[in-house]
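Notes follow the structure.
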Amino acid sequence: PKAGEFRTIEIQREQEKHIIICNYYRSPSTNSSPFTNKLEDFLVKLNRHRNKIILLMGDSNTNLIDYGSSDHCTEFIDKMNEHGFAQLISRPTRIIDHSAT
């Protein structure tokens with residue numbers, strides 16, 4: 001399976017900052033390490049657009065509540081923070097009878 005999928009579009013606006021919209025996806029059936037490596041490469045490439053508005057969103061199939069107790073989760077959030085991106089989701093988005101992630 002793929003390490004992850006990344007899509008980007010740019011909206012060019014006259015006399016205003018351009019907007020970069022990025023979306024990523026990691027299948028829950030794939031290993032997290034290749035995805036994190038690919039994410040790092042993607043974030044480095046995005047750095048050249050730092051003078052634009054960047055919206056980065058996606059589904060890493062990572063339980064963000066596990067920050068500090070899960071190596072994958074901690075590495076994912078730390079990578080995003082290193083590149084100036086912050087998580088806006090702070091509560092579970094998937095709630096079922098026996099769990100919330």
Side-chain angles (χ1 to χ4, degrees):
K2 294 180 182 180
E5 297 181 36
F6 296 81
R7 299 288 183 258
T8 304
I9 63 168
E10 181 173 355
I11 300 170
Q12 299 180 350
R13 306 183 307 166
E14 290 185 30
Q15 301 179 3
E16 293 186 55
K17 285 187 175 186
H18 294 193
I19 300 173
I20 305 285
I21 300 174
C22 310
N23 192 348
Y24 59 85
Y25 176 75
R26 180 185 73 88
S27 170
S29 64
T30 61
N31 188 310
S32 61
S33 292
F35 172 77
T36 304
N37 293 337
K38 192 171 180 180
L39 175 67
E40 172 71 16
D41 293 342
F42 182 75
L43 294 172
V44 167
K45 290 176 186 173
L46 270 182
N47 191 47
R48 67 185 171 141
H49 297 285
R50 65 181 173 264
N51 62 333
K52 301 172 185 175
I53 297 168
I54 300 174
L55 304 174
L56 178 60
M57 58 201 93
D59 184 356
S60 64
N61 280 296
T62 302
N63 186 354
L64 302 178
I65 297 170
D66 287 344
Y67 183 80
S69 61
S70 160
D71 289 344
H72 166 66
C73 175
T74 303
E75 183 177 19
F76 173 76
I77 291 175
D78 287 350
K79 290 277 181 220
M80 293 292 224
N81 290 342
E82 287 170 17
H83 291 275
F85 295 99
Q87 294 296 317
L88 298 179
I89 306 298
S90 61
R91 295 186 178 177
T93 58
R94 181 175 184 261
I95 301 171
I96 55 178
D97 289 342
H98 60 278
S99 72
T101 59

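Positions are given from 1, in the same order as the sequence printed here.
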Please enumerate all residues that pass side-chain hydrogen bond (donor to acceptor under 3.5 Å, both in side chains) together with Lys17, with sequence neighbours excluded. none
Contacts of type side-chain hydrogen bond (donor to acceptor under 3.5 Å, both in side chains), residue Asn81, not counting sequence neighbours: none
Between Phe35 and Thr62, does the side-chain contact (heavy atoms from CB on, under 4.5 Å) criterion hold? Intermediate values first, please. CA-CA 11 Å; Phe35 172 77; Thr62 302; 5.7 Å; no
Distance (rounded to the nearest 0.5 Å) between [X] [atom1] and [Y] [atom2]:
X     : Y     : atom1 : atom2 : answer
Ile54 : Asn47 : CD1   : CG    : 8.0 Å
Leu55 : Asn23 : CG    : CG    : 11.0 Å
His49 : Glu10 : NE2   : CD    : 6.5 Å
Thr36 : Lys79 : OG1   : NZ    : 8.0 Å
His18 : Glu14 : NE2   : CD    : 8.5 Å

Result for side chain to side chain contact (heavy atoms under 4.5 Å, CB included) between Phe6 and one of Arg26, Lys45, Lys38 points to Lys38
Check the pair Lys2, Thr30 against side-chain contact (heavy atoms from CB on, under 4.5 Å), reporting the backbone distance first and the verdict last. CA-CA 7 Å; Lys2 294 180 182 180; Thr30 61; 5.9 Å; no
The criterion is side chain to side chain contact (heavy atoms under 4.5 Å, CB included); which residues satisfy it with Ile11, sequence neighbours excluded? Arg13, Ile19, Ile21
State which residues pass side chain to side chain contact (heavy atoms under 4.5 Å, CB included) with Asn31; sequence neighbours excluded, sorted by chain then number. Ser33, Pro34
With a 6.0 Å cut-off (strictly less than), is the heavy-atom count around CG of Asp71, excluding the residue itself, greater than 12? no
Residue pair Ile89 / Leu64: nearest heavy atoms and the distance that separates them: O-CD1, 4.5 Å
Which atom pair, heavy atoms only, marks the closest approach of Asn61 to Pro28? ND2-CD, 3.3 Å
How is the hydrophobic cluster of Ile96 composed, in terms of its other members, when Ile, Leu, Val, Met, Phe, Trp and Tyr link through side-chain heavy atoms under 4.5 Å apart, directly or indirectly? none
Do Val44 and Leu56 belong to the same hydrophobic cluster, where Ile, Leu, Val, Met, Phe, Trp and Tyr are linked whenever their side-chain heavy atoms lie under 4.5 Å apart, directly or via other members? no
Is Phe42 reachable from Met80 through a run of I, L, V, M, F, W or Y residues, each pair having side-chain heavy atoms under 4.5 Å apart? yes
Tell me the ring pair (Phe, Tyr, Trp, His ring centres under 6.0 Å) pairs involving residues 50-96, sequence neighbours left out? none
Beyond-backbone contact of Cys22 with Leu46, side-chain heavy atoms, under 4.5 angstrom: yes
